[in-house]
Structures are given as structure tokens and as C-alpha cells.
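Naming: A, B, ... by sequence-line order, numbering from 1 per chain. As the structure is a prediction and not an experimental result, all values here were calculated from the model.
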Protein chains: 4
Amino acid sequence: MVIVMRQGATKREVGAVLAHIEELGYRAHISQGVERTIIGVIGDERPLDPTAWEILEGVENVVRILKPYKLASREFHPDNTVITLNGVSIGGDEIVVMAGPCSVESREQIMDIAQAVRAAGATMLRGGAFKPRTSPYAFQGMGEAGLKLLREAADATGMLVVTEVMAPAEVPLVAQYADVFQIGTRNMQNYSLLHAVGEAHRPVLLKRGMSSTIEELLMAAEYILSHGNYRVMLCERGIRTFETFTRNTLDINAVPALKSLTHLPVIVDPSHATGKRELVDATSRAAVAAGADGLIIEVHDHPERALSDGAQSLTPAQFAQLMRRVSRIAEAVDRRLTLPEPVTA
Amino acid sequence: MVIVMRQGATKREVGAVLAHIEELGYRAHISQGVERTIIGVIGDERPLDPTAWEILEGVENVVRILKPYKLASREFHPDNTVITLNGVSIGGDEIVVMAGPCSVESREQIMDIAQAVRAAGATMLRGGAFKPRTSPYAFQGMGEAGLKLLREAADATGMLVVTEVMAPAEVPLVAQYADVFQIGTRNMQNYSLLHAVGEAHRPVLLKRGMSSTIEELLMAAEYILSHGNYRVMLCERGIRTFETFTRNTLDINAVPALKSLTHLPVIVDPSHATGKRELVDATSRAAVAAGADGLIIEVHDHPERALSDGAQSLTPAQFAQLMRRVSRIAEAVDRRLTLPEPVTA
Amino acid sequence: MVIVMRQGATKREVGAVLAHIEELGYRAHISQGVERTIIGVIGDERPLDPTAWEILEGVENVVRILKPYKLASREFHPDNTVITLNGVSIGGDEIVVMAGPCSVESREQIMDIAQAVRAAGATMLRGGAFKPRTSPYAFQGMGEAGLKLLREAADATGMLVVTEVMAPAEVPLVAQYADVFQIGTRNMQNYSLLHAVGEAHRPVLLKRGMSSTIEELLMAAEYILSHGNYRVMLCERGIRTFETFTRNTLDINAVPALKSLTHLPVIVDPSHATGKRELVDATSRAAVAAGADGLIIEVHDHPERALSDGAQSLTPAQFAQLMRRVSRIAEAVDRRLTLPEPVTA
Amino acid sequence: MVIVMRQGATKREVGAVLAHIEELGYRAHISQGVERTIIGVIGDERPLDPTAWEILEGVENVVRILKPYKLASREFHPDNTVITLNGVSIGGDEIVVMAGPCSVESREQIMDIAQAVRAAGATMLRGGAFKPRTSPYAFQGMGEAGLKLLREAADATGMLVVTEVMAPAEVPLVAQYADVFQIGTRNMQNYSLLHAVGEAHRPVLLKRGMSSTIEELLMAAEYILSHGNYRVMLCERGIRTFETFTRNTLDINAVPALKSLTHLPVIVDPSHATGKRELVDATSRAAVAAGADGLIIEVHDHPERALSDGAQSLTPAQFAQLMRRVSRIAEAVDRRLTLPEPVTA
């Protein structure tokens, strides 16, 4: 931490800052500039609240030096974390694709979609049973019945299940059916929930908050890691900006930025990041070209009748075409799409 | 809902949209423009997902007409909602002031601050016992011990307690000590929590999500109202923008906007909205001048030693000065600050 | 400037940074932390591009210490700058109000509005003759004919003229008619134009870019000041955020922030900052309560027929009411509205 | 345009709206819903200001139906515009790459860089002679001397020159040396400048304003097109968001969105969109994978000594590697990089 004193700060003010530093068990290092005095605080600054120092007399501003996360950083763990689950590897050379409907709506729906996305090369089945909806009047999901259908469809097609958990108390229930917990964008800083999945024995797909910085995403991952669960995937799903033509703005910069800052796998959700299905194909290619380890994509057999997110859902045929195109991009960056064993019905 | 067809949409495409509308139980109304055909959908559009219609063949875009919230709207309830609690009225002519530290840190701290803010005119004591902190390594609050101290300090000074609840399972515990539940900015769309406080018998101070629109704030209130709890106060606490000089940007427009859209009381949090204590005084005055029904302000007796949010905390002396200045503004808009009965120790 | 070296940076890397610092004529000051080495660069960092240092081997990041503006800062000029012009003082105890239509449309229109706003207490007449319009098909302003009408209406009512100048080549023409040059939000970083008005002998009303930071606004002012024109007023006119209910978000924090950072007068434009006339009254009060030195407000005698910005224009009657309300706020912060000498027709 | 009346709007209010519509020469079409009356306005709405209608009595809100741009739209011109210039095609199957330093600094510098980028496959030389700098104290460019050096270096290597023009009066001078005018991000809504380049006989590279929507970018292009210059390329260069880790956020969604909305070529500037050279390679690949027609990239032979934008400049070796990688992506989307004829020195 570096403390910048105001121009004309008095000796007494500098002295008070130094005393405060020592009182807290740190060492100080003074540097006298032409216009300003700068004080370095030596020691692990992570437990400190840098802003609190700004109100000491004579202080102009305070600059944090260390990254606030540790376990999530590449410095701490230089190699890529590869999460292996029933033969599916996430974070290695293969590109993993998670696909399925926004919401589980019926046995027929989830079964049809599961078969279609599996046939096209997806290895993980996504689908919501507990839905965070902006409106209390909108469809809230099928609950446990939906979880059962998801599990059944995944088992029938040889896929893994990834689904959202919304409250700490639901963690045990969802764990009965899911292979991977999804933390939704609105819950990225729901610390009770991060704590709960941090103590559970399931990998976590952590979606970036729609207005969270890259650093805040890494801090949310740090919560989970610091509670003992090291199998965390980060998901860029679009951020909120002034642009209104698209639902969100896919922060493609975040993909290589995260790959350099952390060892955790990075997944991209082009469906939510655009909100328009005609943009999903191009942005899926972009995500893999930029270094993403996987994609999570909404697919519905009748998007116009979907109970949620219809506008951003691909049909199975569109999804199959996307997979072929993305596969070519994967090769062009020396990676490959995870291809499933053929399913024998 | 209005559906705009693309230029050159065929009769077949228009026919398919009409059929879909009728299939869902609505009536259609066609309007033929010079360049476009427009189809009005007649009926309560709230359960519909407008975006799902955008993928029908020939549709260019879909425009929602009705506001998605109902119980929270002024049309539904034209008069101001006034919440009365132990003699304190919120939403009427008086300006209510909630003040106290970011976190409860010790009996001495909370007692000293409670006496100071009460003496200056605050009627509600704020303070965190469960703290949502960005870092897992930062102080997470005293938990139930903190709640007890808050209650004790409030009772000793004749104040009400407002404190944050972070998870549905904590609602009964917090209800034992608090008069008002606070839903924090990171939990504004934590629907499990909104559901839980919607069923509890305590007023709720609902903070706007740091990147939530005014409409989303009203939809979050609608969740609580629709579960039976009508005593909701909305809190503008600053939104996230590109500006980095301040911690957030106080959306002062939201104050008169909310007062026109909803009947619920509107509180402003200038401490979080600025993140700098030297800006709290001026923005508190602005909030009341713009029509806010109350303020929630961080006060600490030793801000430079605060375990959280020190930079935005006022000293008791600064707070007392702010109260005198805000009181003059309140008079200039024909309102008044709630003045406490003198406390006899 | 402070250079933070990566954890594990080698002696050679540190040496190369030190050599580079000395090569550029600065002095270095090393501070060895527990995890990081930090190097202070001593000397005036303003001509340096801090980002360029980030690519030196072993450097993690670079932090600027000095404010990049000088002439605009309060440190350079501790007292408020008060601009006096034909008896109108801007930046002193009085609140100055500039009012008028978005565009000059006809002699009758500007004359009627000028008389109305003058009678209500405005001392400066605003109105556009050259209009920056998003669409090439929208009304682009009356040009010089509009300037003449503005001057005529202002002279007839004893007011000053403030109007926008859009290109360096138009500066001499506009100077013939205007008392104050307005630089619009889209031109805040049009450096050719800032240079041109910096050399002209007229005060400048510099509007904040709709997505410019407070620091960038001060840097734009610095351009004008550094070319010799010291009579600059800053105008907060709303910033672009994710909120769509209002046209812009009035950054009320910027008012006290600017008053502390700079000596220049601060004007607020609630018309553009909200885009809705029903919010102009409340936000005008807020602006003055927060410390603004003046307001600039759109008024039209027939807003529903205005050729631009009708939705945010007040009628003369609404404006007169606003002035009475703002006047009460001005008194509550120990200031006063500039009241005109009665006009004898 | 669709006008939504408030719930409970009176017959008189509806009548007044209808009368106003007819007075302006449009036809009205009424649709009576369950809660609201909706009025369609039939005719070309482009010259209308929709917001002005919102203040008519009884009107709740007004929704624009037509896109405000015409010449720039794909409906107007369904085929891609391909701009051909000295054998270089922009907007066709080839990916065009523009490369060079941020600023021209000396003959040796520009000559060395031109040869390097040409050898790696770039066909257009970029470089600033007039620089828009945030600080008046920063290097402002070499002016005409810089233009001469650019031309000389481009001619010596068989490249085209693209360079920024900042003011209408500079257009003739820059036209003497440049093949393509660049309009910078800060000038995207400098209408005097758009007008001037609209009348000039040179293609234009129009950079998106850092906080401009996709629609505003297309409207800025419409200005140029409507003044007779049809050779316009659009450039996505990153938008301003709350994220601070990167200088801007590359809006990758905008690439396929623009390709569907307009026939004009789309170029991506990964250097400014990230501000960090270690992110330029990955985002260049992403841009081409998403459908961009070209890239504009900053290259400097000594980035650490660059007078501007050093942090985002690649070395010639890094650029050559990027070109090889992007070329593989181009093939994977059935396009190819423009390869230069070998230069014989």
C-alpha cells in the first residue's frame, strides 16, 4: 500500500500516519518527492481497508499494491487447473460445451433437447429448475421435479448436469442431482451462498456478476476456494453497459485477461452475453479464438414457445451448425472440441 | 405489447404471428404503416416474455407497453405509503434519519455512536452484524453478538434498529433484534431472500442493486409486496458507472423518478453513493431537496480505525453539523427533520 | 509515479527500470516490500505516459501520483474564480440562471421566451443557432440568423447570451453575437475547438462529455486555461449510464467534488441530465443544495411543438415556479438567486 | 411511431393527440387495449422528435418504430460495400490489416516500422500526425511534417496511408497525404467534421465514440453518406464501461450486429479496445472469428520509448506472430489475410 500525502502536508501529519502504520504492526518507508511525500506500507496489506487511510489528516490518496486475491492467482498456482469429471476435462486442450434449455419445462422437452445437443457434441446438459426471474409473475422453474428430469435426461444421454443453486439451504438438494453447481450472475456476491458451495463437494460454475469487475469475479472465486473447494470455473456472461441493442456486452477482453491472472478454467456464455440468437454463433467463435476453455449455450427445440429466454435460444439445427464452425476455430488455436462417444439408444 | 414486422414481411409471416397470439389467448390488432406492419397484442402482457416473439419469422422487434410491476406502482396505490413504527413515520412530512457505524465492533463503540447520533436527531440506528465483504479475508461482522449490542444500544437511546439480513435462513434470527430488515445492494435480486422477507412481519429497507435500473428496483419491491409484506422502503445508494473518483454515482434523478412511479418511501444513502465523507454533507442536502423521505448515513467515532468503510464515515461532530444543514433544506421544501424526544439518561 | 515490480522480478529487471528513469532525467527511489519491490519516480511526471512503463520487463503496474491538471486545480488557485460580466457574477454568492429554448426557431419565439425567463429571474439567455443533432435529417439550427435573433432578444431584455460554438472556424462569427461560448458535450474533447476558444476573449461554458470522468473534464478545462483564457465555467449535464428511464444520469456527486478540486464555477444542466421536464424542478433544487453556482435550463413557450428537446423543456409558468422553489433552497445554503432589475418595456 | 396513452386518459386527451398528428401531416391509427389506448402514427417518422410527444396531456410514452438511419442500412443496400483502393479491397473476402505507430515520431521510426509491418502482411500504414491528447502538456503530434513522413514511408513500402483528421479546416491538408481519413473516437459526433469528410473524395475510417451506441455509430456514418461520400468503414475500438483492468471493453457483439444492420465494412482496433499489448493477439483472433473485415493495430519498434500509447503497442516480432495466428483464424471462417506482393528494396 502506498500513501500519497497532500502537497504541503505538515511534519506532524506525516508523523501521525507513520505512528498509525506502526500501531497496526506494519513498517513504513518514506519517499520525498518534488511535490509530494509518499509513504510505502510494508507488510501484507490484504486485511487493511485502504480507503480508511484516506481520512487521516494530510493524506491525499491511498493506492493498493497487492492483488487482493491469492488462491485464485496464477502466481499462487502457475499451471492451469484442469477439472476432470466422468471423463470430461475442463481447462485442458479440449473445449467443453454445455448446452440445453434455459428452463426445464417437461420430460419430453428436456429429453429431446438432451439428445439433440449430445448428438451435436455437447457433453454437459444445462437447464434451470430454480429460476431467478426479474418478475414475481414469471415462470419460477419446476423445482425438484425439474432436477429429476435433468438428471434422467443426462443419464440417458451420457452427459453431466450443470444447474443453478440459488440459496444455501438448497445446496444439499441440488447436490443430489447435479454434477456442477452454477452460481448465477445475480448471486456472484451472495456470500452466504459462496460459503455454502465452498464447503460442498461439487465443482462450481461461477458466473460473473453483470456489473462486476474482473477483480471482483476473482474475489468471489477466492471465497469458494478459501472454503476448501478448488474446482471452480469462471464464466464470462456479458456485462451491463450503456449499449441497448444487445442484452449485455460480452467482455471478450476478460477471456485472455482471466487466463493470465488466474489458473482457473474460463467458460463463455454467448447466449446471455448477447441476448439475441443471431449473434450467438459469431460470438461463440470469438470466445474460442480468444482462448476460452468452454461454452455454455441455450438450446430449445421450440424457442418461440420457451417459457424464458426464447430470443437467445438456438434451435438444435442451429446449434449443430455452430458446433461445426466452432470446431474449426478450435483447431485454428490448436485445441479441439470434446467429441462424445456415439450414443447407442 | 406491440410487435413490429420487418419491412417486406410476407402475409404468411404476419399470419403466423397472429395465430401465435390467438393460441396464447390474446387478441391482435393490426396497423398497416407506410414501411412497416405493426401488431398490437391486447391483454395483460405481464406473463409474456416479449423477447421470445422476436424470433418469429418476419418480426423486427417487440415493444412492451405495460409496466411490469403492479403493486408497487402509483397507479395501483395513488397515495404515499407511510410506514409508522414506534412513533417514527417514514414517507410522510418528516425526514427520517438512520445513522450509525458500518459494522458493530464493540459495546463501547456502538453505545457511544448511538448516543451521539441520537443527540443529533437520528431516530434509527444502523449497523452491520452480518457483513457482505468483497474479500473473504476482511472482517465479516460480529454475527448475533453484534445484533444484541445493536438492540441494547437502540433501546438505551430510544431508537429503532435497521440491520442487514443476508440469507433466508437468517431471517428469524435477525427478526429477534431488528425493527427493519435491510436488503443489501448485492442481494437486491436474491429472490430467495426477497421471498423470505416478503413473508416476515418487519418493514424492509431495500437497497438498489449497484447496477440495477429503476424498473428492476421496483420489480424487486414487487417480489416482497407480492408475498404479503407491504412495508417496503426503497433506498438509492449510488450506481456503478465509469466514474472512478467516487465509489459510486448517486443517481439523484432516481429520487423524483421513484416518487412519481411508486407510492413507497424513498431513502438515500449518501455514504455509499459517494464513498468519500467530504461529499456526504452536500449530497445529503441534495437528496432532501430532491424529495427524499429519509437518509441513511455512516457515522463512526474513530473513522480512521473503522473495520470497514472508514473513508465514508462521518465523525459525530460532522454528523451533527450535517443534521443542522439538512434541517434547513427540509424546511425549504416544506418538510421537517424528525426530532427526538430528549433522552433522560 | 510509482512503479510496482512483479513478485520475483530480477535484479536485472529492476536495474533496467532504474536506468530508464535516469535516462529520462528523473530520480528513482526504491522501496523493498515483503512481496514486491516498489520504485518511486521523483520529478514532474505530467509529461510522462505512465502506461508505457508497464511493458518494461518485470513491471506489474504503474501508478500516477500527481493530478494531471495544474491551472485548473484548487492548489494552484485556492480562491474561487468569480467571472463578472455586465454586472452578472458567476461563482460568487449569487446563483446564476441561464434559460431559454434548445434552438432559436423564430423572432417571435425567442422574444417571447426571453421576456418570460427574464421576468422569472434568469439573467442569461440560452439558445442554439448551430445544433449538434444525432440525425442528419433533424433540424440543424438557424445559423447566423439565429445568432442575430438571440442577441436582439437578449439586448431587449437586458440579458447575456450563451450559445454553442461547434467548430474552430465559427469562433469569430459566434463571438460577434455571444457573451459566453458554450462547448457542447460531444465536443468536450474536440481539442482544435478547445484551442480556439482558449485564444478567444470570451468566457466559456464547458459541458462535461457524456462519458467523461471528472478528471477528463478538468483536463479539457486545462486546455482552455493553458491557451490563456481563464474564464471557464464547468457544466455537469448528466452522464451516460445503464439507466434508461432517464436520458442521462445527473452526477450530483460531481458538484461538491468539482468545488473541492477546482476554483472554477460549476453550473448544472438539469434539462439534459434528466431528459424529462417533470424531473427538472427537483434536480434543480438538488443542484443548488449540493453547491452549484448556477443552472442552465431549457424553456419553451410551446414545448410540444419544439423542433428539438421538447420533452425536457419547461413552460414559462413551470420555470417561474421552479425559480421560486430554487430561491428558497439558495437561501437555505446561504446564497441567493440573481434577481434582475425590472424591465421597462 | 407508437404513442402509448396513460391508463385513464380522457377522450379529450386522445383527441388532442390525434389532432396534433394530423396537423403535422401524418395519419393516426387507434388501438384500444385492456389497460391502455395506443395510437400508431403512420408516415416517415424520421424528422419527428419522439420525445416531444411525451409531454402532451395523457401520454405515457412514445416508441420509435423505424430505424433512424437509411443509407447505412442493409435494407437500403443489401450487398456488402466493398471499398477498393490501389488494389486493396476492404469488405470482401480478404481481411485487411492496418498497422503502424500511434504517432509518427521521426523518419527513421516510421520507415523502420513501415517495413516491418509490410513484411508481416499489413497493407495499410497507420500513424498519427495530429494527435488528440487528453493532456495539453502531452506530445501533440508532428503535424504536416508527420504527414509527409507517413506518405514517404507508405510509398517506399507500397502501402496505403490512414491517418486522423481533427478539424474541418485540416481536411484539404490531410487529403494531400492520406488515402483514408480516420475520424477519431472523440470526434464521432463532431458534425462539422463529419460534414467536411462527407464532401471530400477519400474513404473514411469512422471510429465508434467510446460511449456511443451501435445506432449512434450508424447515424454518424449516415451523416457522411448523406453528404455524398459512400466509402465509409466502421471501426469498433472499445467502449467505456465500469471495468478498469482494461482501458476499454471491446464490444465483440458489435461486430456481428453491425454486419447484420449495415452493408459497410467493419474494422476492429484491438489496441485501443484493450489498452494492453498482451491482450491484442487474442482479441485480434476473436475479432476475425466474429466476422470483422479488418484490423487496425499499433506497432512500435521501441514501445517503451513511444511518445504515446506505448503500453498497447506490439513490437514488430509480436505483430508478425499475431499475423500468422490471425491468418489461421481467417481460414477457419473461409476468409484470408491480404498478403502483400514481396517488396524489393
Most heavy-atom pairs under 4.5 angstrom with chain A, which of [options]?
options: D/N248, D/L250, D/T241; value: D/L250
options: D/S211, D/A257, D/S260; value: D/S211
options: D/G238, D/S327, D/S212, D/A254; value: D/S212

*Report the residue from D/V333, D/D334, D/I329 that forms a side-chain contact (heavy atoms from CB on, under 4.5 Å) with A/R328.*
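It is D/D334; the other options fail the test.
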Compare every heavy atom of [Y] with every heavy atom of [X], then report the nearest pair and how far apart it is.
X: A/E243; Y: D/D251; answer: CG-OD2, 4.4 Å
X: D/A286; Y: A/A290; answer: CB-CB, 4.0 Å
X: A/F242; Y: D/R240; answer: CE2-O, 3.6 Å

*At what distance, to the nearest 0.5 angstrom, does NZ of D/K259 lie from CG of A/L279?*
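It is 14.0 Å, given to the nearest 0.5 Å.
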_Distance (rounded to the nearest 0.5 Å) between A/T246 OG1 and D/I252 CD1_ =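 Interatomic distance, A/T246 OG1 to D/I252 CD1, rounded to 0.5 Å: 12.0 Å.
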*With a 4.5 angstrom heavy-atom cut-off, which part of A/T274 approaches chain D: side chain, backbone, both or neither?*
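Its backbone and side chain both get close to chain D.
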_Residue part contacting chain D, namely of A/A287, when any heavy atom lies under 4.5 Å_ =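 Answer is neither: A/A287 stays 4.5 Å or more from chain D.
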*Interface moiety of D/E278 toward chain A, non-hydrogen atoms closer than 4.5 Å*: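 Neither; nothing under 4.5 Å.
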_Close side-chain approach of A/N253 to D/R247, heavy-atom, < 4.5 Å_ =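 The answer is no, as the side chains (C-beta and beyond) never meet within the 4.5 Å cut-off.
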